[in-house]
Amino acid sequence: MLADLESATPARRGLARRGLLAALVGDGRRLTPVTLEVVPALIARIADPAVPDRAALLALVAELVTGDTCWFLHDGFHVDHQRRADSAARSRHVGYVAGPRPARVLARLADDGRPTEPGSLGRAIADAAAAGMPTFLAAAADPDPAVRAAVPFVCAFLTSEDAARAAAVTLQRLLDDPAPVVRASAALGLSHATRFVPAWWDGAFHELDRRWSRGCAPLVRRCLALALVRFDQPDRTRAVRAYLADQLAAGVPR
């Protein structure tokens, strides 16, 4: 399947990506040493401009780290903290800790919500992905806007302090990218990357709020608004929340 990622046939490449995801993640908990071995192989392909579909490979890395990114699209993901399934996501798996705040886990958790096994396979996979941060950030200058737009997505789920610090500078730069889809992705990615680093909230919030307050493309404005409400600052986001409510009432264009 790794070899097929470089096939000349788009359908075969897509089948390989889906096959890797099914084999290496499965229900979100089926992690094996093979999953860990595949992450560096994917990063090497992302680093090669001749490899096709690198935007999809960036997204695949994020899926291998989280098990299923859809669970964390609002509340964020951090490998060192108890991870709560996004209450807005459709529950697709059974691998979670029940309770008032259900959590999907990649390692057994202690009472304080931290994994009891620091050397767990889930942590090793996240570390292997974070080691690819220089490659991901280099891809932020790729001529293909689809690749540039995928960079914030994978960075959003690599939220250890070192990885988030490295990503934050590039994500802020992408907020000024010429392509609206890249700016929109950068807004969402920045809000995720700083989610678990409270010391950075004010700076990130200011950058996002400054851009939302001025004119911008509708897609970018919606994503800036979604990013801002993640910071749980109701007094500072009244206008943003009113805007989102209006968007939902009117129906968001496809």
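Values reported hereafter were calculated over all heavy atoms of this structure, with side chains retained and with hydrogens, waters and symmetry mates removed. Sequential numbering from 1 along the given sequence is applied to the chain's residues.
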Exam field: side chain Arg183 to backbone Pro178, donor-acceptor pair closer than 3.5 Å = yes

Same cluster (ILVMFWY, side-chain, under 4.5 Å), Leu248 and Leu226 = no

query = Is any side-chain heavy atom of Cys216 less than 4.5 Å from a side-chain heavy atom of Leu224?
reply = yes

Side-chain ion pair, Arg236 and Asp202, N-O less than 4.0 Å = yes

ask   = Quick check: are there more than 12 heavy atoms from other residues, nucleotides or ligands sitting under 6.0 Å from CZ of Arg165?
value = yes

ask   = Taking all non-hydrogen atoms of both residues, which atom of Val38 and which atom of Leu2 are closest, and how far apart?
value = CG1-CD2, 4.2 Å

ask   = Can you check whether Tyr243 reaches Arg221 side chain to side chain, under 4.5 Å on heavy atoms?
value = yes

query = Does Phe196 share a hydrophobic cluster with Trp201, counting links as ILVMFWY side-chain heavy atoms below 4.5 Å and allowing steps through other members?
reply = no

ask   = Does Val151 belong to the same Ile/Leu/Val/Met/Phe/Trp/Tyr cluster as Leu190, with side-chain heavy atoms less than 4.5 Å apart forming each link?
value = no

inquiry  = Quick check for you: to the nearest 0.5 Å, what is the distance between Glu63 atom CD and Leu42 atom CG?
reply    = 12.0 Å

task = Taking the side chain as every heavy atom from C-beta outward, state whether Arg230 and His192 have any atom pair closer than 4.5 Å.
result = yes

task = For Pro143 and Pro145, work out which heavy atoms get closest and say how close.
result = O-CD, 3.3 Å

task = Please answer whether the main-chain N or O of Pro234 pairs with a side-chain N or O of Arg241 as donor and acceptor at a distance below 3.5 Å.
result = yes

note = Output for pair (Asp142 CG, Phe136 CZ), nearest 0.5 Å, gives 14.0 Å

request  = Please examine the side chains of Thr194 and Phe231, heavy atoms only from C-beta on, and report whether any two atoms are closer than 4.5 Å.
outcome  = yes

key: Charged N-O contact under 4.0 Å between Asp48 and Arg54   = no

note = Apart from Val197 itself, its cluster of hydrophobic side chains linked below 4.5 Å comprises Trp200

note = Smallest heavy-atom separation, Ala62 atom then Phe153 atom, equals CB-CE2, 3.8 Å

message = What I'd like to find out is whether the side chain of Phe77 reaches to under 4.5 Å of the side chain of Val65, using heavy atoms alone.
response = yes

note = Separation between CG (Leu15) and CG (Leu5), nearest 0.5 Å, reads 10.5 Å

ask   = Any link between Val34 and Ile125 through a network of hydrophobic side chains (Ile, Leu, Val, Met, Phe, Trp, Tyr) touching at under 4.5 Å?
value = yes

message = Any heavy-atom pair between the side chains of Leu57 and Arg17 that's under 4.5 Å?
response = yes

query = Nearest heavy-atom pair of Thr35 and Leu24: which atoms, and what distance?
reply = OG1-O, 3.1 Å

task = Could you please spell out the steps behind the side-chain contact (heavy atoms from CB on, under 4.5 Å) verdict for Val220 and Trp212?
result = CA-CA 8 Å; Val220 180; Trp212 186 83; over 6 Å; no

key: Minimum side-chain heavy-atom gap Leu174-Asp177 below 4.5 Å   = yes

ask   = Between Val51 and Ile46, is any pair of side-chain heavy atoms under 4.5 Å apart?
value = no

Donor-acceptor contact below 3.5 Å, side chain Ser185 vs main chain Val181 = no

request  = Would you check if the side chain of Thr170 reaches a backbone N or O of Leu137 as a donor-acceptor pair within less than 3.5 Å?
outcome  = no

ask   = Looking at Arg148 and Asp144, does any basic side-chain N land under 4.0 Å from a carboxylate oxygen?
value = no

message = Looking at every non-hydrogen atom in both residues, tell me the closest pair between Ala184 and Leu219 and how far apart they are.
response = CB-CG, 3.9 Å

message = Strictly distance-based, threshold 3.5 Å: is any side-chain N or O of Thr9 a donor or acceptor partner for the main-chain N or O of Ala11?
response = no

inquiry  = Could you measure the distance from the CG atom of Leu60 to the CZ atom of Arg45? Nearest 0.5 Å is fine.
reply    = 11.0 Å

ask   = For Gly189 and Ala156, which heavy atoms make the closest approach, and how far apart are they?
value = CA-CB, 4.1 Å

With sequence neighbours excluded, residues passing salt bridge (Lys or Arg N to Asp or Glu O under 4.0 Å) with Arg210 = Glu207

query = Where the side chain of Ser191 meets the backbone of Leu188, is there a donor-acceptor pair that is under 3.5 Å apart?
reply = yes

key: Approximate separation, where rounding is to 0.5 Å, of Leu208 CG and His206 NE2   = 10.0 Å

message = Please say yes or no: joined through hydrophobic side-chain contacts below 4.5 Å, possibly via intermediate residues, are Leu171 and Leu58 part of one cluster?
response = no

ask   = Salt bridge between Arg13 and Asp4, side-chain N to carboxylate O under 4.0 Å?
value = no

message = Could you check whether Arg173 pairs with Asp176 (Lys NZ or Arg NE/NH1/NH2 to Asp/Glu carboxylate O, under 4.0 Å)?
response = no

ask   = When rounded to the nearest 0.5 angstrom, what distance separates OG1 in Thr66 from CG in Leu64?
value = 8.0 Å

